[in-house]
Amino acid sequence: MNFESIKAGFVSYLSEKLGESEGNAVSEVLQNSSVSIFMYSSEFKDYLVEETGADVSIFSKSISEIMQMDVVNGKLVDEAEENTDSFMTEALNEAFSDESVISALDSDNSGDLNEDEINIFLSGLSSDENGEISFDSLAEAVTGIQEGTYEVQAESEVAVTSAETDEGTTTETKNTAAEEGTTIENLLAKTYENKTVIKALDTDGDSVLSDEEKAKFEEYIKGYDGDDSELSETDIQKAVAEIIEGKFSYEETSEDGEKSEDTSTSIEETDDTSSSTSADTEVSNTGSTSSTGSTGSTGSTGSGSAVSSAASSSTTDDSLESKSLSELETIQSEREDDVSEAQEKVNAVYSGENTAVKEAEEEYEDAREAYDEAVKNDDNISDDLKNRRTENLDAIEEKEDTIDNLNISINDKDAEISEAEDTISADNATLSGYKTSLSKLQSQSSDDEEKQQEIDNAIDDVEKAISDLEARIDREEDDLETLKEEKEDYEDQLSTAEKELTKLEETREDIEEEILDCCSSTTKKALESYNDAKNNVSEVKESELSTAKSELEEAQAALDEVNEVINTKKEEEAEKEYSVSSGSLPDDLFSGALEGQEDLVAEIAEKYDIEPEFLAAIICLESGYGSSNLAVNHNNFGGVTGSGDNGKTSSGFASYSSVEAGLEAMAKNLAAYSSRYSDVNSVDIDNVSAIGSHYCVGGDWANKVTTLYNKIKNMES
C-alpha cells in the first residue's frame, strides 16, 4: 500500500464527506499539496480502515526500523528495497517534503534533512515503550509545525529512548547508528560529532574535542551502568542523555572517595535548533511541494493558491522585534528597574552598605581602635607624634568619605545622563518618522479637492509636530549638556580629593616610620593589623565594585537593546501618524465582500508600506476580486490558514470578523517578507518572483500577479 496510490481515493472520499462546495475546494488543494492530507488525519484513518480494509498495523512503525534506513536528500530509503511501499515510510517522506517541516527541523540550514535531524524529530514523536511512531503522532506534529505550536526537541545525534528498570538495568536503548552490535568506537565517534556534546566537553574553548578531553570524558562516565571496570554502550548513552538534558557536569572526588559537585565545569545545554514557529507568519502555496503544506482558496481567476501559518526563519516568538510597542515598553520598564538596582549596588559599595564592604570596614574599625589604644598606652611615643598620627588618620578617613560621596554623585549623574540620552534618542526617532511622513505627504497630490485639503491639513499638522518636537529636543539637549557639566565638576573635585588623599597617605607613612623607630612590640603588632585591615577594605571594595559595575553594564546593555527596538517602532508609528491614503485604486475594482472597499485596501496597503496596486493584484488573484466563498463568508482574501480573530473554518482556513481584520492580516504578513526571507529585498512588484517563491510555490503565480498589477495600473491611467 503506497501513500500516493491511496491519496486519490481519499480525495474523492473526503470531497463527498464535506459536501460539494467545500469538498471541491479541499479536493483541489489535496491534489496539489503533498502534506495537507495530515490536516485530515482522523478522516484519512477512517478511509483507510473502512474503505480499503487496511490493517491498523500500517499506522505505526518502530524507530529502529526507520533509523536502519538511509536518508538521501531528506527522504527515507530502504537499503534492501523490500519495504519501500511501507505506508508510514511514505507518510514520513510526504511530511519531510514540506518546506515548513524542513524549516523547523533543518538545524544546519542545508535545505535538506539529514539523519541526525530526522532522528531528533522521530525521538520526539515516539511515546511508546517499544519505540513505535503512530500516524496520529506524526499528523499532530506536522499540523503543530504548520500552526506554529510544535516545539522541536534539543539537538542531538544520539538519543536515548529506553527506560531504566527498578533493578537499575537498561531495558532497551537506541542510538543514531541504529545497528545491533554497534562498537564502542563507532558510538563514541558518533557522539563526538554531536554539537551539544562538543560544547559540553570542550573545556579549553577551542570548539574541537582534543584527545585529552575525550579521554577525560570516557574515564569519567565509566560506571554509569553500575560497572566502573570498563566503558560500555550504556555508559555512553546515559552520559549523552544527561548532556542533552543539560544535567551533565564533571565532579571532583573528595578524600573519602565521594564525588562533589564542581559548579565551575557544570554544563548547561545550548539548543541550537529552533522550530522558529511564529503563529503570526503566513505564506502561500499551490505547487506539489508547499511552503507549509496547508490549504488555500480559489478565486474566480483560478489561481488555487493558499496561505498558511508557517515557521519564520528570521525571528522567534521571544525576539524583541516580534513584540508590540506596549509589550516592549513593559520590558523597558523592567530593564530600567534592573539598571536602577545595579546602580544602587554600585553606590552601596561606595557608601559601605555593601555586605562584604561593611564586614571589611568593621574589621578595620576594630583594628583602628586597637591601634589607637596601643599608641595611647605606649610611653615610648611622644605626645606630639601621637597627636600628629591621630590628626592624619582622621583627615584620611574624612577624605576617603569625600571621595566615596563624589563617586556616588558621579554614578548618579551618569544615570541621569543615560536617561536623558535615551529620551533624546526616542524623540529623534519620532522626529525622523515625522520627517518621512512629511516627505511622503508633500509628494502626494489629488485632483479631488476634498482629498487635497486632507493632505494639506496633514502637512500643516506634521510640520507643527516637527517644530514642537525640535524645540523640545533642543531643551533636552541643553539639559543634557548641563548634566555633563555637573558631572565634569564632580570629576574635577574627585581628582583634587584623590591628590590630597595621596599626600595624606604619604604623611601617614612618614609618621608610621617614626612610630616604628620608637614604639613597643605591642604597638608594632597593632600597626601591622591596622594596615592589613585597611588594605583588605581596599581590596574588597575593588572586587565588589568590579562585580557591581559589570552587572550595571549588562543591565544597561539589555536596556539599550530594547530601547533600540522601541525607537524603531516609534519611528514607524510616527511615520504613519499623519499619513493620508492616496486612494489610488480605481473605483469598481472589487466585487463581493470588497465591493466599494478600494480606498480601505489602499489605506491598509500604505499603512504597511505596500504599493496599493500590488496588494490589490494579489487580492484579486487569491479571492477572485473579493467574490470567493472564503472572502464572502470569512473575510479571508488570501487563503490564510490557521486561526483568525474569528477562529477558523472546518477545513483549516482563518476566519476574520471583518473585512478590515482580514485585509490587515494579509498586509501584515506580506510586509514581513523582506525581513523574513533573505531573497525578498522589498515587498513590491519588482520582487514578485521572490515573494511568489514563498507565497505560492509552483504554478504561474508571479506572472498572474504581474498581469493583474499592470491591468490595475492601466485602469487608473
Side-chain angles (χ1 to χ4, degrees), residues 325 425-474 566-590 594 596-620 660 663-664 666-675 680-691 705-717:
L325 186 56
S425 179
D427 284 345
N428 274 319
T430 301
L431 179 62
S432 177
Y434 284 162
K435 288 182 176 180
T436 301
S437 177
L438 177 61
S439 178
K440 288 183 177 180
L441 287 168
Q442 289 173 335
S443 67
Q444 286 183 237
S445 63
S446 175
D447 295 334
D448 183 275
E449 186 176 339
E450 184 177 343
K451 177 66 71 174
Q452 184 60 50
Q453 186 60 51
E454 184 182 358
I455 294 171
D456 292 341
N457 290 340
I459 289 175
D460 291 340
D461 289 342
V462 74
E463 284 178 340
K464 185 178 186 307
I466 289 173
S467 177
D468 291 344
L469 191 51
E470 285 178 335
R472 188 170 80 186
I473 292 173
D474 286 342
I566 285 176
N567 289 347
T568 299
K569 289 187 180 290
K570 282 187 173 181
E571 182 174 353
E572 293 171 353
E573 288 203 349
E575 182 179 334
K576 298 169 186 174
E577 186 176 347
Y578 294 99
S579 63
V580 175
S581 171
S582 63
S584 59
L585 294 176
D587 294 336
D588 302 323
L589 173 63
F590 300 119
L594 289 179
Q597 299 290 351
E598 288 79 13
D599 284 354
L600 177 61
V601 172
E603 181 181 340
I604 290 175
E606 290 175 350
K607 176 181 178 180
Y608 290 98
D609 287 329
I610 302 172
E611 186 181 10
E613 292 85 354
F614 184 55
L615 179 61
I618 297 174
I619 290 172
C620 290
E660 185 171 357
L663 290 171
E664 280 270 354
M666 185 178 181
K668 182 179 181 181
N669 168 58
L670 279 168
Y673 269 44
S674 58
S675 59
V680 179
N681 297 320
S682 59
V683 181
D684 52 32
I685 193 64
D686 293 333
N687 284 265
V688 65
S689 295
I691 293 169
V705 170
T706 302
T707 299
L708 284 167
Y709 172 84
N710 291 330
K711 177 182 177 182
I712 295 170
K713 296 289 280 188
N714 290 332
M715 289 171 67
E716 294 173 8
S717 60

Do [X] and [Y] touch side chain to side chain, with heavy atoms closer than 4.5 Å?
X      : Y      : result
Ile619 : Phe590 : yes
Glu603 : Asp599 : no
Pro586 : Glu598 : no

I need the [X] [atom1] to [Y] [atom2] distance, nearest 0.5 Å.
X      : Y      : atom1 : atom2 : result
Gln452 : Ser445 : CD    : OG    : 6.0 Å
Tyr673 : Ile691 : OH    : CD1   : 8.0 Å
Leu585 : Glu613 : CG    : CD    : 5.5 Å
Asn669 : Tyr608 : CG    : OH    : 10.5 Å
Ile618 : Tyr709 : CD1   : OH    : 11.5 Å
Ile685 : Leu708 : CD1   : CG    : 9.5 Å

- Residues, nucleotides or ligands: over 12 heavy atoms within 6.0 Å of Asp474 CG: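 It does: Asp474 CG has more than 12 such atoms within range.
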- Message: So if I apply the side chain to side chain contact (heavy atoms under 4.5 Å, CB included) rule between Met715 and each of Asp588, Asp587, Leu589, which one comes out positive?
- Response: Leu589
So, does [X] use its side chain to make a donor-acceptor pair with the main chain of [Y] at under 3.5 Å?
X      : Y      : answer
Ser432 : Asn428 : no
Glu606 : Glu611 : no
Asn687 : Val683 : no

- Take Tyr434 and Glu463, measure what side chain to side chain donor-acceptor pair (under 3.5 Å) needs, and give me the verdict at the end. CA-CA 8 Å; Tyr434 284 162; Glu463 284 178 340; over 6 Å; no
- Could you note down all residue pairs passing salt bridge (charged side-chain N to carboxylate O under 4.0 Å, His left out) where residues 426-440 supplies at least one of them, sequence neighbours left out?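 Counting only pairs at least two positions apart or across chains, the salt bridge (charged side-chain N to carboxylate O under 4.0 Å, His left out) contacts touching residues 426-440 are Asp427-Arg472, Lys435-Glu470, Lys440-Glu575, Lys440-Asp609.
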- Message: Tell me every residue that passes side chain to side chain donor-acceptor pair (under 3.5 Å) with Asn567, counting only those two or more places apart in sequence or in another chain.
- Response: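 Here the qualifying residues are Ser425.
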- Residues two or more places apart in sequence or in another chain: which of them pass side chain to side chain donor-acceptor pair (under 3.5 Å) with Glu573?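 With sequence neighbours excluded, Glu573 shows a side chain to side chain donor-acceptor pair (under 3.5 Å) to no residue whatsoever.
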Shortest non-hydrogen contact from [X] toward [Y]:
X      : Y      : answer
Tyr578 : Leu441 : O-CD1, 3.3 Å
Val705 : Ala617 : O-CB, 3.7 Å
Ser437 : Ala574 : CB-O, 4.2 Å
Ala667 : Ile610 : O-CD1, 3.6 Å
Ser674 : Ser682 : CB-CA, 4.1 Å
Ala605 : Pro612 : CB-CA, 3.7 Å

- Message: Go through it in stages, so that I can follow the logic: the residues are Glu664 and Lys607, the test is side-chain contact (heavy atoms from CB on, under 4.5 Å), and I'd like the CA-CA distance, side-chain angles, deciding distance and then a yes or no.
- Response: CA-CA 9 Å; Glu664 280 270 354; Lys607 176 181 178 180; 2.9 Å; yes
- Message: Determine whether Thr568 and Glu571 satisfy the following criterion, side-chain contact (heavy atoms from CB on, under 4.5 Å), listing intermediate values before the conclusion.
- Response: CA-CA 5 Å; Thr568 299; Glu571 182 174 353; 5.8 Å; no
- Could you tell me whether Lys451 and Glu454 make a salt bridge, using a distance below 4.0 angstrom between a side-chain N and a carboxylate O? yes
- Message: Is there a salt bridge (charged side-chain N to carboxylate O under 4.0 Å, His left out) between Asp460 and Lys464? Walk through the geometry before answering.
- Response: CA-CA 6 Å; Asp460 291 340; Lys464 185 178 186 307; over 6 Å; no
